[in-house]
Peer 1: 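Before I ask anything, let me first share the structure, which is written out below as C-alpha cells.
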2 protein chains.
Amino acid sequence: MTVIFSKKCEYGLQAVLYLSTIEDGRTAPAEEISKKLNIPKEFVSKILQSLALKKIVGSKKGNSGGFFLGKPASQIKLIEIVEAIDGLSLFHNCVLGFPDCSPESPCPVHNKWGKLRSDAYDMLTKETLEQFKKKSIAKIKMMNDV
Amino acid sequence: MTVIFSKKCEYGLQAVLYLSTIEDGRTAPAEEISKKLNIPKEFVSKILQSLALKKIVGSKKGNSGGFFLGKPASQIKLIEIVEAIDGLSLFHNCVLGFPDCSPESPCPVHNKWGKLRSDAYDMLTKETLEQFKKKSIAKIKMMNDV
DNA sequence: CTTTAAACAGATTAAATTATCTGATTAATT
DNA sequence: AATTAATCAGATAATTTAATCTGTTTAAAG
C-alpha cells in the first residue's frame, strides 16, 4: 500500500523531481529515469506522456530525445502533479470514508483531519521544484550511490 | 480513491464506531450495520470477522446473534483497527514513495511529512471510542435521517 | 539515405482490491 | 423437534490499478 498517493502519482512526482535536477537544456529519456528511480520504464514513460499533455513536462521524440520540465522549476508545484494524476479528491473526501462529511455533519475526526489536510495541501503548494532542488539532488544521489 | 485508508479499513472503522453507539449488551447483525452505513453486507461481515479474531469486536452466532464491541469503548482506539486491517506501513513509508526515506536520506518533503504523520498518528491514538461516542451517534443519525 | 534511439499509441496482461455467492454451523425461538 | 436468523468459511467474480508488449512515428547522427 502507498501512503496517500497512487503508485502512478508517486512515480510521477519522483520523475518530475528528477527532471528538476538535470542540467538545463538536457533531456532525459524514459530509460534513464527508469534506472535512476527504479521505476518500470514503460510505466514512467506513460505517466510522463500524460503530464506532457498538461504542459508540466515537455518531450522530444527521436534520437537524443527524452523528457524535460515544461516550464521553469520555479513555476512548478507538487500539487500540480498530484492534481494531474490522482486529482484533488484526497482533499475533499472524509478520511474515514463517511459520506457528506462536512461541518454540518462531521465525522468523529473531522476537525483534526481538516487541519492535517490543509497542512498537507500547504506542503504541496507552498514550495516550488526550484526550492526542492538541493534536496532532490541529494536524495537521488544517495539512491544511486549505495 | 480513498484518502489514506483502504476501503476495507474505512468500512472497519465505520463499523466499529457504529458498534460503539448501540445499546450496551445488544448485538448488531451484519445486515443492520450494512444498512445503516451503506456497506455491502458480506463485506462488512468479513471485515468484522477478521476484527473478531483480534478481539476488537465480539460475535455471536445463531438467531439474535451479531456483532458487538470486544471490550469497553474506553479501551478501544482507532489505531487498533487501522493496524489490524491496513497495518502501520502508512506511518513508516515515504509519502513520495522514495525508498529508504530517513533523516540520513530524506526526500524533499521528509520533515514536513514527518510532522503530519505524527499528528495523524495522534488523531488515531489519543482518543478512545468512548470519547468519540457523541460524535459517532450524531454522524450516524444524520446519515439515516436524510 | 540508413541506422539508431527515442516518444507515442493502443492493446494486453498481471496483480491487488473490492464485492458476491454458496453452503455449513450455531443457537435462540416457537 | 422444527424453524429461523445469524456467524463463519471458502470459493468465485468484478473492478481497479499496475505493468508490459507490439508496433508506429519522429528526428538526430553517422
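What you see is a predicted model; the values in this text were computed from it and never measured. Throughout, protein chains are lettered first and strands after them, A, B, ... in sequence-line order, and every chain is numbered starting at 1.
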Peer 1: Bend across the helix from C:dC1-D:dG30 to C:dT30-D:dA1, to 10°, with axes taken over 5 pairs at each end?
Peer 2: 0°
Peer 1: If you only use heavy atoms from C-beta on, which nucleotide in D:dT20, C:dC8, C:dA28 is closest to the side chain of A:Phe67?
Peer 2: C:dC8
Peer 1: Toward the 5' end of DNA chain D, which comes first, B:Gln49 or B:Ser64, by nearest nucleotide?
Peer 2: B:Ser64
Peer 1: Tell me: NZ of B:Lys8 to C1' of D:dT16, nearest whole Å?
Peer 2: 15 Å
Peer 1: How close or far is atom C1' of C:dT17 from atom CD of B:Glu10, stated in whole angstroms?
Peer 2: 13 Å
Peer 1: Let me check something: do B:Leu88 and B:Leu78 share a hydrophobic cluster, defined by ILVMFWY side-chain heavy atoms less than 4.5 Å apart, either directly or through other members?
Peer 2: yes
Peer 1: In this structure, how many angstroms lie between the C1' atom of D:dT17 and the CD1 atom of A:Ile85, rounded?
Peer 2: 14 Å
Peer 1: Taking atom C1' of D:dA18 as reference, at what distance in whole Å does atom CE of B:Met1 sit?
Peer 2: 14 Å
Peer 1: So what does B:Thr27 hit on the nucleic acid, given a heavy-atom distance under 4.0 Å: a base, only sugar-phosphate, or nothing?
Peer 2: nothing
Peer 1: Counting heavy atoms from C-beta on, name the nucleotide in C:dA7, D:dT17, D:dT20 closest to the side chain of A:Pro29.
Peer 2: C:dA7
Peer 1: Counting only heavy atoms not in A:Asp100, do more than 12 fall under 6.0 Å of its CG?
Peer 2: no
Peer 1: If I compare all heavy atoms of B:Met123 with all of A:Leu116, which pair ends up nearest, and what's the gap?
Peer 2: SD-CD1, 4.2 Å
Peer 1: Please confirm whether the backbone N or O of B:Phe132 pairs with a side-chain atom of B:Ser136, one donor and one acceptor, at under 3.5 Å?
Peer 2: yes
Peer 1: Could you state the CZ-C1' distance from B:Phe68 to D:dA6, rounded to the nearest angstrom?
Peer 2: 13 Å
Peer 1: Find the distance B:Lys7:NZ to D:dT16:C1' and express it as a whole number of Å.
Peer 2: 12 Å
Peer 1: Is A:Glu32 paired with A:Arg26 through a side-chain N to carboxylate O contact shorter than 4.0 Å?
Peer 2: yes
Peer 1: Between B:Tyr11 and C:dA19, is there a contact of a side-chain N or O with OP1 or OP2 at under 4.0 Å?
Peer 2: yes
Peer 1: Any luck finding a side-chain donor-acceptor pair between B:Thr21 and B:Lys133 under 3.5 Å?
Peer 2: no
Peer 1: Could you state the atom-to-atom distance from CD of A:Glu32 to P of C:dA6 in whole Å?
Peer 2: 9 Å
Peer 1: Is the closest side-chain heavy-atom distance between A:Ile79 and A:Phe91 below 4.5 Å?
Peer 2: yes
Peer 1: Does A:Ser59 make a side-chain N or O approach to OP1 or OP2 of C:dC8 shorter than 4.0 Å?
Peer 2: yes
Peer 1: Against A:Tyr18, only a single residue in A:Leu13, A:Ile140, A:Ile39 fulfils side chain to side chain contact (heavy atoms under 4.5 Å, CB included); can you say which?
Peer 2: A:Ile140
Peer 1: Please tabulate the protein-to-nucleotide N/O contacts below 3.5 Å involving nucleotides 21-26 of chain D, giving atom names and distances.
Peer 2:
| unit_1 | atom_1 | unit_2 | atom_2 | d |
| --- | --- | --- | --- | --- |
| D:dT26 | O2 | A:Gly62 | N | 3.2 |

Peer 1: Give a yes or no on whether a salt bridge exists between A:Lys35 and A:Glu31, defined as a side-chain N under 4.0 angstrom from a carboxylate O.
Peer 2: yes
Peer 1: Which of these passes side chain to side chain contact (heavy atoms under 4.5 Å, CB included) with A:Phe67: A:Val44, A:Leu48, A:Thr27?
Peer 2: A:Leu48
Peer 1: Starting at CG of B:Asn38 and ending at P of C:dA19, how long is that distance when rounded to a whole Å?
Peer 2: 12 Å
Peer 1: By nearest heavy atom, map B:Leu48 and A:Ser6 onto DNA chain D; which one lands nearer the 5' end?
Peer 2: B:Leu48
Peer 1: Please classify the nucleic acid contact of B:Ala30 as base, sugar-phosphate, or nothing, using heavy-atom distances under 4.0 Å.
Peer 2: sugar-phosphate
